[in-house]
Amino acid sequence: CCWTVSFGQVAMGEEVLGAIVGTLKGLKLDAQVEEYIAHVASLVIEEGGKSQQLAKIIGPILEEDFDEDKVAALCHDIAVAACPGGDDDDDGDDVDYIVDCRNIILAYAGKQLLKPTNLQFRRNGTYGVVGNNGVGKTTLLNRIASKEIAGFPEDLRVLYIQHEVYVDLEVTVAEFMQMQAKTGGDPETIKKGLERVGFNDDMMGSSVNELSGGWRMKLAIATAVTQKCDLLLLDEPTNHLDVGSVEWLKEFIVSLTETTICIVSHDYSFLRATCSDVMHICDLQLKFYHGGFDHFAKIRPDVMEALPTVTESGATALIEFPDPGKLDGVKSRTKPILELKNFQFCYAGASKPQLVDVNVKMCVTSRVALIGVNGSGKTTLLRTLVGDMAHDQGTALHQGEIVKHHNLRVSYIAQHSMHHLEEHLKMSPVAYVQDRFHTGQDKELSKMETMKLTPEEETLKEKRGNIYDVIGRAIRAGELSYETKRSGYEEKDTFWEAIGSLKRKDPYVMKLVLNYDAKMQALQSGMEVRPCTEKEILKHLAAFGISHRLAQSGRIKGMSGGQKCRLVLAAAVWTCPHVIALDEPTNYLDNETLNALTIALQKFKGAILVISHHAQFVEETTNEKWKVENGKVSIAQTAKEGKLLRSESKKAMDRSDSQESMDSYGMQSNPSSFNAVPE
């Protein structure tokens with residue numbers, strides 16, 4: 001094949017040429033070949049040509065190193081990078097677009113996220129969405145799901161699986177699937193869909209609110225199987241999943257060959273295994289790259305370098321936890337402040353206990369990670385420790401004791417961020433914090449099972465002679481005691497009772513005690529004197545990377561997963577807690593913010609209790625590991641062992657850094673090996 005191109009005929013724009021050169025970087029072409037292709041491509045593009053015309057010209061040059069599909073993908077990427085709108089509207093009838101919306105715009109909370117750009121999805125393609133935090137990834141998915149985009153096909157069947165998955169539904173798995181079915185819900189179809197994602201008959205009859213995060217995500221995926229959607233939207237689908245479940249999800253997505261899929265994820269290895277295309281959001285534009293994530297990384301190394309990684313130092317998304325201060329009444333840093341003794345827990349209706357004979361304790365310096373596979377009981381253990389689950393002591397399946405220091409302030413951030421936000425989606429972040437703390441106490445505490453009285457208990461406390469209020473607390477005769485009021489007595493009559501006696505009364509009495517303790521804890525944390533004003537809240541939220549504009553003008557419903565998680569963190573620690581309990585805290589966070597959270601926890605002066613499948617995060621924030629397996633809890637790593645491992649790791653890194661520093665000055669200990677390194 002013989003061909004010539006005259007470069008003198010057209011003046012090339014520097015911007016177009018620069019974009020094309022950037023696309024060719026990483027292909028390791030000969031310098032002269034790379035320069036020639038760049039000039040040819042710029043000529044074709046500036047004359048209005050697109051990827052098909054370009055492929056006919058440069059294909060023969062690259063045919064020895066690239067097959068036809070790779071050449072086509074490269075030409076498409078060159079056209080996208082060089083065109084102002086980032087699109088390659090080349091192909092006329094040759095490309096089957098299931099979505100083809102031109103010149104769309106996107107704005108949220110007074111901020112423009114996209115200026116006129118094209119949204120185009122090839123039929124049956126799998127698109128990975130990348131971009132820095134705040135560029136509008138989740139907002140765009142929300143608009144696509146609601147079809148609030150000009151020119152979006154109304155007859156397209158769209159299914160949106162968000163990162164928050166069904167928190168408090170008290171229905172069985174099978175019943176939930178029946179509720180989700182839009183057209184009848186054939187039981188056999190539902191069963192086959194559930195079986196395809198791994199549910200057996202027993203699990204289909206279990207309650208949704210008992211499922212671990214990994215199984216809840218599988219349940220969400222099952223809806224895609226049964227509803228046979230045209231376009232499947234996934235927002236951070238690997239959150240809550242252990243390694244095995246992530247591998248399963250990779251294989252499952254690849255198997256959906258007749259569905260167009262769009263995935264927002266900060267898990268780049270997951271995108272690498274699943275995506276045929278990449279949609280990059282930057283500079284208020286959508287830019288599409290065909291050929292998979294590896295191809296995208298190869299031709300746009302500049303973009304990959306700009307995407308933050310967890311190993312980068314110096315996080316810009318600031319997170320700073322408040323100082324909890326000393327725990328009143330605790331002089332020793334090794335004294336237990338939270339403890340389970342011979343503890344056993346069983347869910348209602350379950351045939352066997354979830355946890356058996358558990359004996360664990362925490363002190364003010366504890367930094368504990370709960371480890372174990374999905375469904376092993378990690379979240380059950382954590383919720384029990386923080387008081388989010390009721391425990392009927394002394395019953396056949398509920399035994400043992402939960403011991404918590406009466407002055408201890410605990411903040412619990414649930415596995416699903418919507419757990420704390422679902423009732424406030426239409427509020428701004430500032431309004432949410434004001435509503436939650438306007439009385440001086442945290443409204444979320446009163447919703448915990450261990451503190452909220454049932455209607456039956458409200459009636460029981462009004463029975464003559466029963467305790468209906470707790471109004472005081474003191475150490476009397478060497479034992480913690482509470483001042484109480486009883487129904488049927490005069491207002492001035494009060495009764496002091498020791499904590500041991502109160503524990504033996506009806507369960508609601510201890511709920512009254514815990515509510516009084518929470519009130520005292522609030523006073524000690526300064527909540528009643530801390531002004532819940534807009535100015536104070538804006539300052540607090542800024543310490544978690546939430547801008548004043550978003551905090552004042554934005555709505556929680558439209559916040560990204562990472563922004564919601566930071567808001568939940570900020571609100572939870574308004575109380576200056578002594579213990580922070582986090583269930584999968586790395587979810588919904590971009591790597592930059594994850595790095596900030598890691599640093600904040602390292603600096604935190606209280607205790608932490610963490611569940612996370614993120615190995616590096618666990619290693620950097622904890623030193624003690626409790627393994628939950630087969631209903632038992634064992635100490636897999638003591639705090640002393642963890643500190644020793646971290647010290648040895650730090651010494652090894654210091655030695656490595658020292659050696660690298662010596663090498664940089666030419667003081668290599670083995671000159672022959674230095675000389676052997678190729679130039």
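Only heavy atoms go into these numbers, but all of them, side chains included; no hydrogens, no water, no symmetry mates.
Taking the six-membered ring where the residue is Trp, Phe288 and Phe121 present perpendicular rings, their angle passing 60° and hence far from 30°. Classification of the Phe252-Trp248 ring pair by plane angle, with boundaries at 30° and 60°, yields parallel.
Looking only at atom types and distance, the side chain of Arg196 has a donor-acceptor partner in the side chain of Ser255 under 3.5 Å away. Between the side chains of Ser207 and Tyr347, no donor-acceptor pair is found at a separation under 3.5 Å. Defined by atom type and a distance below 3.5 Å, a donor-acceptor pair is present between the side-chain atoms of Tyr289 and Arg300.
Applying the salt bridge (charged side-chain N to carboxylate O under 4.0 Å, His left out) test to Asp267 and every residue at least two apart in sequence or in another chain returns nothing. Residues satisfying the side chain to side chain donor-acceptor pair (under 3.5 Å) criterion with Thr226, sequence neighbours excluded, are absent altogether. Under the rule for a side chain to side chain donor-acceptor pair (under 3.5 Å), Asn103 has no partner lying at least two apart in sequence or in another chain.
To the nearest 0.5 angstrom, Leu231 atom CG is 10.5 Å from Tyr127 atom OH. A distance of 5.0 Å separates CD1 of Ile161 from CG of Leu232, quoted to the nearest 0.5 Å.
Using a 4.5 Å cut-off on side-chain heavy atoms (C-beta onward), Leu233 and Ile144 make contact. Here the side chains of Met177 and Thr223 are in contact, with some heavy-atom distance below 4.5 Å. The closest side-chain heavy-atom distance from Leu370 to Thr379 is not below 4.5 Å. In this structure, Phe617 and Leu597 have side chains that are in contact, with non-hydrogen atoms separated by less than 4.5 Å. For the pair Val158/Phe152, a side-chain contact is recorded, criterion being any heavy-atom separation below 4.5 Å from C-beta on. Using a 4.5 Å heavy-atom cutoff, the side chains of Ile263 and Leu271 are in contact. In this structure, the side chains of Pro116 and Ile104 stay at 4.5 Å or more apart for every pair of heavy atoms. Between Arg272 and Phe296 the shortest side-chain heavy-atom distance does not fall below 4.5 Å.
Between Glu236 and Lys137 there is no salt bridge, since none of the side-chain N atoms of the basic residue sits less than 4.0 Å from a carboxylate O of the acidic one.
Of all non-hydrogen atoms in Asp230 and Thr259, the two that sit nearest each other are O-CG2, 3.8 Å. Across all their heavy atoms, Met559 and Lys564 have their closest contact at O-CE, 3.5 Å.
Of the options Leu140, Ile105, Leu106, Val99, a side-chain contact (heavy atoms from CB on, under 4.5 Å) to Ile149 is made by Leu140 and by none of the others.
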